[in-house]
4 protein chains.
Amino acid sequence: MKQKSDKRRQEIITAAMNFFAEKGYHSTKISDISNKLNMAHGTFYIYFQSKAEIFSDIVEQYIKKLDQIFISVPYKAANISEFKNFVQTLGDEIFNLIVEDQKMAQIIFSQGANTDKKLKKKIVELMNKMDQLIESILIEGINRKFLVASMDTEIVAKAFRGMLVAGINDVAMNEISMERKERWINSILRIGLDGLV
Amino acid sequence: MKQKSDKRRQEIITAAMNFFAEKGYHSTKISDISNKLNMAHGTFYIYFQSKAEIFSDIVEQYIKKLDQIFISVPYKAANISEFKNFVQTLGDEIFNLIVEDQKMAQIIFSQGANTDKKLKKKIVELMNKMDQLIESILIEGINRKFLVASMDTEIVAKAFRGMLVAGINDVAMNEISMERKERWINSILRIGLDGLV
Amino acid sequence: MKQKSDKRRQEIITAAMNFFAEKGYHSTKISDISNKLNMAHGTFYIYFQSKAEIFSDIVEQYIKKLDQIFISVPYKAANISEFKNFVQTLGDEIFNLIVEDQKMAQIIFSQGANTDKKLKKKIVELMNKMDQLIESILIEGINRKFLVASMDTEIVAKAFRGMLVAGINDVAMNEISMERKERWINSILRIGLDGLV
Amino acid sequence: MKQKSDKRRQEIITAAMNFFAEKGYHSTKISDISNKLNMAHGTFYIYFQSKAEIFSDIVEQYIKKLDQIFISVPYKAANISEFKNFVQTLGDEIFNLIVEDQKMAQIIFSQGANTDKKLKKKIVELMNKMDQLIESILIEGINRKFLVASMDTEIVAKAFRGMLVAGINDVAMNEISMERKERWINSILRIGLDGLV
DNA sequence: CATGAATGAGGCTTCATTCAT
DNA sequence: AATGAATGAAGCCTCATTCAT
């Protein structure tokens, strides 16, 4: 009956994600979740040890997925054109993830920081990891002479992550249209490549 | 009496801000605040109607300050050099505000969204206002031919707001050094003007 | 089938005893028992109607055993020497029971009283029965002139039961060594026969 | 208002003691206590951090009192008569304590062992301390030649503690009559001095 | 204005017991 | 006989808010 059990577990996760995304962690009651699924609240505790645990699980799942993207997109950049493609693909993948897991994105990016300290830390870690990955791309670009050497890579990396997060939120809050996603990717790339002037 | 009363009110706000910034809205108890100030719990309710109210007050106060900046910085941009100066001054002022009210920045930018719906809405409003103000600057720049006409101003405005927020958080989290602030302003301006290539 | 069924029933009792002895009645969960035996929770209820029932069963089983001892040890006391032998044999048997069912002893003597009223009552009954049996031995001894007539048999019986219980606990708590058991029997007899002076 | 506050605290302790003594720790609900005192259950938590804490407090208070007795009774035993007096006084004081705090005695001596591990440990410690104190009296008596040297002081001390505990329980369970108390003291002393033969 | 004891709605969690398979 | 998911009564505890002093 593992199958059935897993299905129920997933139902709970889905319901929980919706509530977390909509009302935030603290305003979401276990009873919201159990009522939504027409089950006794005790049932929740068969699948999760606590409310904190399910939140933690959800966030962790998402962090792994994001991590995966940075790992899986092949870094090929023999020339500037390939470098641009790489960056574009990366952006694409990240936005696609959000399209898939819109609720999760909202949970993590629009309210992450203010629950338990442990989770806050986890989310800060995620941000730091994104910063590092972006910075490594910048440095690579500088070494290959695709990017200007004079930039402050630490800050610029964070700035781009900031844009990314804003984009994620924006796309997640607007019923997620592909068209909007494209606009974000194009704009960010454009800013990166040419600036606004 | 008014004087003394106002002083006490401000003390409560300051204490509350510190706790909100550190522990988040839900984890901050009225007793945290009253204990910190060595006053009875009941006293809090002489100055504020509820916990939600003080949070709301704090955020609103901050929104006004931010608003003030956009209003007060004189918009003079007869030529591109003046335009650059204007943008730089604006950035300077915004970061200065954060230096002054570090705790508030943390409250609003790193954990604002996940409290009550009303508050969430208010913070979204703040973001939207920033977007609008930034977009108006972009449009002005385009009209004056300082900026390229082909950009997607709506998205670009949000992207820059994203950078700004990332910068605010970064500066707020790092004991606020002037030097770091300068690095952010320079980097953002540089990105806007020249891109990374 | 009966055979197998009985075996399973006994396994449950054994597991339950261990947990009751270790954690007490209230802290022992049905799931502790079923997990220990690698069976489903529901299975427990095939063999016992409730948690209270199994506890009751365990205690009752023990009471019967104790009872049995008092019945089975032949009361021969034609002279003081035989009387001493009788008392010694009795003590021996009682301590032997504890050696066999160490866990039960712990359950009953060191934590029995604080569960349900019904159970408490049962344990008080056990104590009372012990008191009566001891008192009857005392009275017999007095009648035969082996013991001094002036004693307060009711109280003295309870006092000796108190020693017995202390001894049971002590032996049960100390990995049950035969040597320690002997020390207890000797000391109690010695106290009874000669006092400490 | 410390006064008033202390009064309420004491009321809660008294009510709690009664319920603990009657129903045991686990069967006593916070609502039993608050209902009894016609107060909201939340009020309980103004005075005590948790149910475990109040129980712990009660036990600890009692342990201290018992401890105090052993400390306060002056040990004078120049001759056997004084030694007897000393022992008698000690017994008297201990039983008097029980007369005063009948409920506490029941809590500690008839059900102590089976709540939290911490408390169990505390009660075992109490017993051990009693054992040590009694043993020290025995050894003192032996050194002074008031008592026979051949006894097994460790075991005998525990045996007498066992009698004491049985007496405490018995007196506590029987509406506490002075007369019964006297019978116990006399019987225990008599056993100790002369044995039963 | 200040106090702080009191309130009680409401949340989280546990676990004995049931029952459809 | 056995299973184990589901149930839900019941308990512990929190904390924003009130109010008599």
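Everything numeric here is computed off the predicted structure, so don't read it as measured data. Each chain gets a letter, A, B and so on, in the order its sequence line appears, and its residues count up from 1.
Screening D/Asn18, D/Thr28, D/Asp32 against D/Lys23 for a side chain to side chain donor-acceptor pair (under 3.5 Å) leaves a single residue, D/Asp32.
If you check F/dA6, F/dT17, E/dT7 against the side chain of A/Arg8, the one that comes closest is F/dA6.
Atom CD1 of A/Ile54 and atom P of E/dG11 are 17 Å apart (whole Å). Atom C1' of nucleotide F/dG11 and atom OH of D/Tyr25 are separated by 12 Å, given to the nearest angstrom. The separation between D/Glu11 atom CD and E/dA5 atom C1' is 13 Å, rounded to whole Å. As a whole-Å value, the separation of D/His26 NE2 from F/dA10 P is 18 Å. Rounded to an integer number of Å, the gap from NZ of C/Lys29 to P of F/dG4 is 19 Å. The CE-C1' distance, from D/Met39 to E/dT7, rounds to 11 Å in whole Å. Per the geometry, CG belonging to D/Leu37 stands 16 Å off P belonging to E/dA5, to the nearest Å. Separating the CZ atom of C/Arg9 from the C1' atom of F/dA1 is a distance of 15 Å, rounded to the nearest angstrom.
Considering only side-chain N and O atoms, A/Tyr45 lies under 4.0 angstrom from the phosphate OP1 or OP2 of E/dT13. Residue D/Tyr47 places none of its side-chain N or O atoms closer than 4.0 Å to OP1 or OP2 of E/dA5. Residue B/Thr43 places at least one side-chain N or O closer than 4.0 Å to OP1 or OP2 of E/dT3.
By the 4.5 Å heavy-atom criterion applied to side chains, A/Ser27 and B/His26 are counted as neighbours.
E/dT17 is paired with F/dA6 under the criterion used here, namely a Watson-Crick or G-U wobble arrangement in which both key atom distances are under 3.5 Å. With a cut-off of 3.5 Å on both Watson-Crick or G-U wobble distances, the partner of E/dA9 is given as F/dT14. In this entry F/dA1 has no Watson-Crick or G-U wobble partner, no candidate having both defining distances under 3.5 Å.
Between C/Asn38 and D/Ile46, the residue whose closest nucleotide on DNA chain F is further toward the 5' end is C/Asn38. The 5' end of DNA chain E is approached more closely, in terms of each residue's nearest nucleotide, by A/Ser50 than by the other of C/Ile30 and A/Ser50. Comparing C/Gly42 and B/Ala40 by the nucleotide of DNA chain E that holds the closest heavy atom to each, the one mapping nearer the 5' end is B/Ala40. Along DNA chain F, the nucleotide closest to B/Gln49 and the one closest to D/Phe44 are compared, and the more 5′ of them pairs with D/Phe44.
Geometric assessment of B/Lys51 against the ring of B/Tyr25 yields a positive cation-pi assignment under the 6.0 Å and 45° thresholds.
The base of F/dC15 lies outside donor-acceptor range of the side chain of B/His41, with no N or O pair under 3.5 Å.
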Using the side chain to side chain contact (heavy atoms under 4.5 Å, CB included) rule, take A/Phe44 and A/Met39 through it: C-alpha gap first, then chi angles, then the decisive distance, then the call. CA-CA 8 Å; A/Phe44 175 89; A/Met39 69 186 199; 4.1 Å; yes

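In this structure, NE2 in A/His41 is found 10.0 Å from CG in A/Asn35, a value given to the nearest 0.5 Å.
Across all strands, B/Ser34 comes closer than 4.0 Å to no nucleic acid atom at all (heavy-atom distances).
Annotation: salt bridge (Lys or Arg N to Asp or Glu O under 4.0 Å) contacts involving residues 53-64 of chain B, sequence neighbours excluded, comprise B/Arg9-B/Asp57, B/Glu60-B/Lys122.
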